[in-house]
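For reference, the structure is listed below as structure tokens.
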Amino acid sequence: AQSVAQPEDQVNVAEGNPLTVKCTYSVSGNPYLFWYVQYPNRGLQFLLKYITGDNLVKGSYGFEAEFNKSQTSFHLKKPSALVSDSALYFCAVRDPGFQKLVFGTGTRLLVSP
Amino acid sequence: EAGVAQSPRYKIIEKRQSVAFWCNPISGHATLYWYQQILGQGPKLLIQFQNNGVVDDSQLPKDRFSAERLKGVDSTLKIQPAKLEDSAVYLCASSLEQGANQPQHFGDGTRLSIL
């Protein structure tokens with residue numbers, strides 16, 4: 001069965017510093033990987049996805065993620081954090097052979113001024 | 001383009017009562033999903049529709065939950081009777097197609113509180 005782990009409940013970073021939010025996955029085949037962001041009292045917003053090809057994926061709002069097959073990871077990164085990036089971030093995986101999207105438990109990102 | 005619309009935004013009911021949620025997906029999106037998000041957890045898929053047909057309802061508690069998408073556009077999710085553990089945010093999402101590489105677009109959800 002496919003699964004996603006987000007090992008950190010919360011990540012704290014100062015504005016202007018680089019940020020990383022970690023995600024590891026488990027699927028039987030080649031994964032489709034997604035990152036979503038959720039602001040308070042809002043639905044999830046799509047940030048980026050990895051389907052195939054270049055291991056470094058660029059997405060919305062300056063975010064990028066690196067797919068690492070050997071480590072089964074898909075960490076979210078941003079070179080310079082903004083206070084407005086503070087939100088809840090979800091990693092999700094989908095096995096191409098299945099329809100269901102499985103989400104991690106989320107990581108709260110707190111960017112301090 | 002208009003996003004996924006959900007109503008109501010908030011609902012408070014007592015246990016054993018019934019409740020219904022409504023979702024209107026992005027125009028032209030054939031695939032519609034209902035998720036349950038319990039506080040502190042990621043969303044969990046309840047049911048997936050492709051047009052007006054059910055693709056996956058394996059995690060829908062069918063003794064109390066039901067959903068329909070009669071005309072292949074908007075959808076309703078119903079709970080009857082509600083239990084305390086149903087307190088959660090119910091999210092609706094849609095995608096253009098049902099392919100596994102398609103990103104899903106979410107509404108703002110309905111926050112359900114059971115007293």
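In what follows, chains carry the letters A, B, and so on, assigned in the order in which the sequence lines appear, proteins first and then strands, with residues in each chain numbered from 1.
Considering CD of B/Q102 and NZ of A/K49, their distance stands at 6.0 Å, rounded to 0.5 Å. The OH atom of A/Y36 sits 7.5 Å away from atom NE2 of B/H105, with the distance rounded to the nearest 0.5 Å.
Here the closest heavy-atom approach between residue A/L44 and residue B/F106 is recorded as O-CB, 3.3 Å. When all heavy atoms of B/Q37 and A/F90 are compared, the closest pair comes out as NE2-CZ, 3.3 Å. In terms of heavy atoms, A/R94 sits closest to B/Y33 at NH2-OH, 3.5 Å.
Of the listed residues B/A93, B/G107, B/G42, the one with more heavy-atom pairs under 4.5 angstrom with chain A than any other is B/G42. If you tally non-hydrogen atom pairs under 4.5 Å between each of B/G109, B/G40, B/P103 and chain A, the highest count goes to B/P103. Each of A/Y39, A/F46, A/F103 has some count of heavy-atom pairs under 4.5 Å with chain B, and the biggest count is that of A/F103.
Only the side chain of B/S58 comes within less than 4.5 Å of a heavy atom of chain A; its backbone N, CA, C and O stay farther away. Using a 4.5 Å cut-off between heavy atoms, B/Y90 does not touch chain A at all. Neither the backbone nor the side chain of A/Q45 comes within contact range of chain B, judged by heavy atoms closer than 4.5 Å. Within the 4.5 angstrom heavy-atom criterion, atoms from both the backbone and the side chain of A/N41 approach chain B.
The environment of OH in A/Y61 is sparse: at most 12 heavy-atom neighbours from other residues, nucleotides or ligands sit within 6.0 Å. Heavy-atom neighbours of A/R42 CZ from other residues, nucleotides or ligands within 6.0 Å: at or below the threshold of 12. Around atom CG of B/L39, no more than 12 heavy atoms belonging to other residues, nucleotides or ligands sit under 6.0 Å away. By the neighbour-count criterion of 12 heavy atoms within 6.0 Å, atom NZ of B/K71 is sparsely surrounded, having that number or fewer from other residues, nucleotides or ligands. Applying the 6.0 Å contact sphere to CG of A/N30 captures no more than 12 heavy atoms from other residues, nucleotides or ligands. Within 6.0 Å of the CD1 atom in B/I38, the count of heavy atoms belonging to other residues, nucleotides or ligands exceeds 12.
The hydrophobic cluster containing A/L101 does not contain A/V4, counting ILVMFWY residues as joined when their side-chain heavy atoms lie under 4.5 angstrom apart, directly or transitively. By the rule that hydrophobic residues join a cluster once side-chain heavy atoms approach within less than 4.5 Å of another member, B/L91 and B/L96 end up as members of separate clusters.
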